[in-house]
Each structure stands twice: as structure tokens, then as C-alpha cells.
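Report on one structure; see the data block that follows.
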Amino acid sequence: MAAKNSFYLTTPIYYVNDAPHIGHAYTTVAGDVLTRWHRAKGEQVWFLTGTDEHGEKVMNAAEKNGVTPQAWCDRLVEEAWKPVWKDLNIANDDFIRTTEVRHESRVQRFLQGLKDAGHIYLAKYEGPYCIGCEEFKLPGDLEEGKCKVHGRPVETLSEENWFFKLSAFVPALIERYTKHPESCEPTSARNEVLSFLHGEVKDLSISRSTFNWGIPVPWDTEQVIYVWFDALLNYATAIGLGDEPGSEGAKKFEEFWPANVHLVGKDILRFHAVIWPAMLMAAGLPVPEKIFAHGWLLVGGEKMSKSKLTGIAPKDITDHFGVDAFRYYFLRAIPFGTDGSFSWEDMGARYTSELANDFGNLASRITAMIEKYSGGTVPAVAHDAGLAKALTDAVEVADKSMLALDFQGGIGAIMEFCKKVNGYVTEKEPWAIAKDESRTVELNEVLYNTIESVRALAVLLHPVMPATCEILWQSIGADTAIGAIADQRISGISTWGQLPEGSAVTKGAVLFPRLEEAK
Ligand code: MSP
């Protein structure tokens with residue numbers, strides 16, 4: 001079992017047939033926000049992402065571009081995938097590529113183990129295959145001979161392949177999802193998995209013989225391992241699956257396996273909630289604690305995708321709204337687990353009302369007032385029972401929601417608190433109090449209570465908008481007075497009175513510029 005204080009989260013590994021679009025970024029940002037939140041809880045976090053580089057889909061993309069698959073992958077990973085994650089401020093601890101030796105060798109060892117234990121056999125596979133999904137299809141998955149997801153004709157395969165006895169694990173999987181409903185969420189996803197498991201589950205072909213872009217089957221090198229069988233293992237190979245006891249890899253595996261959360265899109269739920277745990281059960285390993293399937297970003301009512309030419313690159317949005325607004329918007333606007341449509345208008349409206357007006361203005365108002373009325377230093381520590389209580393409540397709801405992957409609820413609770421602080425300032429009218437010299441104590445109290453609330457907001461929003469909150473943290477002097485923002489703990493946020501008297505406050509840059517002025 002994973003050590004109590006550890007938290008291991010993965011994103012899917014992405015196909016490198018093309019550059020990332022905002023659908024991919026949606027998953028990765030969600031993973032980044034959640035792992036940052038867990039880090040802020042003081043947990044030992046491991047956050048893994050990476051790329052899925054084998055299979056026909058990637059091989060065909062390379063061919064079309066006239067380069068070898070390896071050269072194609074190297075180029076896309078270095079020039080497209082890694083830079084996008086860097087631009088979006090993704091703090092992953094590792095990046096796995098399925099063409100790396102560390103992955104390939106551990107996959108082969110794992111497969112050999114399953115074969116030796118009698119879970120693998122040779123048989124003929126005949127049936128449809130969608131290269132877009134890299135999936136063996138069932139008749140019900142097709143519409144007029146085309147894959148329902150990609151709308152493209154499928155291939156018909158007829159090959160002698162190695163099979164994994166998937167069907168043998170159906171009873172154990174049903175038991176798992178029935179006894180531990182939290183291990184597959186949301187409920188709609190679990191129901192889908194259970195209904196699939198109650199249907200006729202067939203054994204799985206786990207090798208292909210008609211092309212060679214993959215990891216060779218160790219005992220039959222004429223065949224390559226089916227790309228999904230290879231890809232799913234990344235979650236375990238990246239942390240040392242099967243390494244010698246006592247080695248670095250074995251220690252890492254011991255510390256972090258089983259994964260706490262595999263974040264996936266709903267289209268790849270079955271692979272993760274059926275095939276993957278069955279593979280682990282066959283090897284006698286613990287299964288992941290939770291598979292969480294989020295919904296799709298839709299464009300024109302359909303899943304946004306590059307193959308349908310509806311893919312939007314993250315940069316198209318961040319150039320206009322900035323990186324932190326991008327990170328904020330999708331998690332705030334769409335309940336995690338349901339589909340959501342992206343629209344520039346909606347994003348523009350939320351940017352202006354929630355980020356520029358509610359949060360950005362509060363920060364600039366209070367820093368400006370402290371410069372103007374208090375010589376640029378934090379006045380004496382004061383206390384407001386209403387704000388302190390609202391903060392305690394907000395932290396509690398936000399924490400509960402974030403841990404349950406309810407990002408919308410979590411961010412919503414934080415923004416409610418932000419509104420409350422704005423309401424406090426409007427009601428107290430410090431600019432009016434300042435006109436009366438006999439009310440300096442009162443003025444200082446209002447200033448303190450407001451800036452102390454902003455201190456809490458910076459920490460609460462840091463996992464969602466790290467760069468902006470860091471700037472804010474600096475500008476309220478908290479870095480010098482309290483310590484690095486990354487060292488602040490969720491459990492300590494609502495302790496009132498942390499910003500000490502005398503901290504230097506500077507009116508920094510505008511956090512969320514008005515859109516017509518934005519980069
Ligand atoms: N390579 C496999 C995953 C292997 S994991 C062991 C794969 N790759 S993918 O690049 O096609 O998709 C990766 C993730 O991006 C999936 O979780 C998928 O749901 C997500 N998205 C792709 N398009 C999306 C949207 N339009 N909206 C939201 N997420 C979407 O599948």
C-alpha cells in the first residue's frame with residue numbers, strides 16, 4: 001500500500017500524432033491543480049504525465065511527414081508537448097515516454113511474468129479495429145461500418161495474436177466497483193463500467209503482427225505489444241515496476257503504488273477501469289485507488305479534436321487571456337465529470353467579472369489604499385469575526401471539494417469568500433473613513449482585515465493560478481514576512497493574523513488587465 005502521506009496522480013499519456021489541444025490541456029491542468037493542492041496539504045506528491053508513442057496512429061503520422069516514428073516522436077515531444085506544459089506552468093515530477101528503455105524493459109518483464117503465470121495464450125483475432133482509438137471494436141461500437149468516435153471506417157484485422165485472459169477477472173472487477181464505489185467516479189462512469197462488465201467481456205488481443213512500431217513481445221519478436229497494453233503500464237513502469245527489491249525503483253514503487261488517482265477522459269474509461277486493473281490483478285499487484293473520468297470539451301456540440309479540425313491550441317487562448325485565466329476557467333466553468341462547451345464569450349465574461357473585477361480589483365484596491373493611507377506598510381493586526389468565520393468556512397468547503405475533484409465547487413467557495421471581502425470593503429468605505437483623522441484606528445482595522453483576507457486568498461488560489469498568486473504574495477510583503485507561498489499549508493490558511501504589522505506592501509502590476517489591454 002502507498003505510504004499514508006503520499007499522493008500519486010497520473011494523467012493519460014498523450015498520443016504524439018499531433019500537437020496538444022485544449023482538451024489535452026484540460027486533463028493536465030486539472031492534474032496540476034489537484035497535485036498542487038495536495039502538496040499544500042503537506043503530502044508527499046508524485047505527479048506523472050507523458051507521451052504514448054507506439055502504435056499505428058503515431059506510425060502513420062510519422063510516415064505522412066516523411067520521417068521515422070522515433071524522429072517524429074522526438075520532435076513532437078521536444079517542440080510541442082513539453083513546451084506547452086511548461087507554458088501552462090505544469091509542475092509534473094516526471095515525464096514518461098513509452099519509447100524510453102526504462103519503460104520498454106519493464107513492460108517486457110511484466111508481460112513475460114503474465115505469460116509464465118498462464119494468463120497469456122495464442123489465438124486468432126478477427127474483427128474490426130479503429131486506428132483513431134487504437135481499439136479492437138465490438139459491433140455495437142460501429143455505425144454503418146464507421147467508428148462512432150472518429151466517424152472513420154475501421155480496419156478489418158485477421159491475425160494470429162497473443163491474448164490476455166481478461167474475462168477471468170470480470171467477477172473480481174465487479175466486486176471491486178460494487179464494494180468500493182469511490183474507486184471509479186463519477187457515478188455515471190462507474191455505472192457504465194459495471195454495465196460493460198455485466199455484458200459479454202471477451203479476452204483481449206495484446207499483440208499485433210502486421211507492423212513493427214511497438215515493443216517486441218519478448219518470446220515472439222515477430223509481434224509487437226498492443227499499444228494500449230504497453231501504454232497503461234506507464235503508470236507503473238515510471239515508478240520502478242518489478243525492479244529488484246532494495247533498488248531505487250523498488251523503493252519508489254513501494255512509496256507510491258497504488259496510484260491514488262488516474263485522471264482520464266471518459267472516452268478512455270474502459271481501458272483504465274477494466275483492462276488496467278485486470279492486468280494488475282493478474283500480476284498480483286494492488287489496483288489504483290481511483291479512476292476519475294472527466295467529460296469532453298465540446299466545440300459545436302461535438303468532442304473537440306484535431307482529427308475533426310476543431311482542435312484549439314492552448315496558446316490561442318493564453319495569448320488573449322493569460323495562462324492563469326486559462327487554468328482557472330475550465331475548472332471553474334465546467335463541473336468535472338460532465339461535458340462542457342467552450343466559448344470565447346463565456347470565458348471573456350468570467351474573466352472580467354470574477355478575475356479582473358472580483359479578485360484583481362480587490363488586490364489592487366487594498367495595495368493602493370495601504371500605500372496611500374498607511375505609508376505602504378501593513379497596519380497593526382486587527383480581527384473581524386465575520387471575515388474570519390467566512391474564511392474558515394471557505395477553507396473547509398474548498399478543501400473537501402478539491403479532494404473530491406469537485407474543482408468547480410472548490411474554486412466557487414474561494415470566490416465566494418473573495419466576494420465577501422469585496423462586500424466588506426464596500427460597506428466599510430475606508431476612503432470615507434480616511435477623510436476623518438479621528439478615525440485612524442478604524443481605518444487601520446479595515447485595511448488590516450482586508451489585506452489579511454487577501455493573504456488567505458493568495459494561498460487558496462495558488463494551486464489554480466500559481467504565477468498570479470506568487471506576484472500578489474510578493475506585493476503584500478508576505479514572502480519576507482511569512483515565507484514562500486509554496487510552503488503555506490491548507491490547514492494553516494484560516495489562522496487569522498498572520499501578516500505582521502509593518503510588512504512592506506507595494507502596488508504591483510495589474511493582475512488581470514482589461515481584455516482590450518491584455519497581451
Ligand atoms: N494515448 C491514449 C491514452 C493512454 S493512457 C495510458 C489517448 N491519448 S489521447 O491523446 O488521444 O487523449 C488523451 C486524453 O485527452 C484523454 O483523456 C482524452 O479524453 C483527452 N481529450 C482529448 N480530447 C478531448 C476533449 N475534446 N475534451 C476533453 N478531453 C479530451 O487516448
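Counting convention: from 1, in listed order, for ligands and their atoms alike. These numbers come from a predicted model, not from an experiment.
In this structure, Trp257 and Phe253 have parallel ring planes: the angle between them is below the 30° cut-off, well short of the 60° mark. By the 30° and 60° cut-offs, the orientation of the rings of Phe512 relative to Tyr351 is perpendicular.
Counting only residues at least two apart or on different chains, the salt bridge (Lys or Arg N to Asp or Glu O under 4.0 Å) pairs with a member in residues 170-188 are Glu175-Lys179, Glu185-Lys290. Residue pairs meeting the ring-ring contact (aromatic ring centres under 6.0 Å, His included) criterion with at least one member in residues 192-217, sequence neighbours excluded, are His54-Trp213.
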- Message: Would Arg327 and Asp32 count as a salt bridge (charged side-chain N to carboxylate O under 4.0 Å, His left out) here? Give the steps.
- Response: CA-CA 9 Å; Arg327 295 173 55 102; Asp32 191 60; 2.7 Å; yes

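Residues satisfying the salt bridge (Lys or Arg N to Asp or Glu O under 4.0 Å) criterion with Arg270, sequence neighbours excluded, are absent altogether.
Every protein residue with a heavy atom nearer than 4.0 Å to ligand 1 is included here: Pro12, Ile13, Tyr14, Tyr15, His21, Gly23, His24, Asp52, Trp228, Ala231, Leu232, Asn234, Tyr235, Val264, Gly265, Asp267, Ile268, His272, His294, Gly295, Trp296, Leu297, Lys303, Met304.
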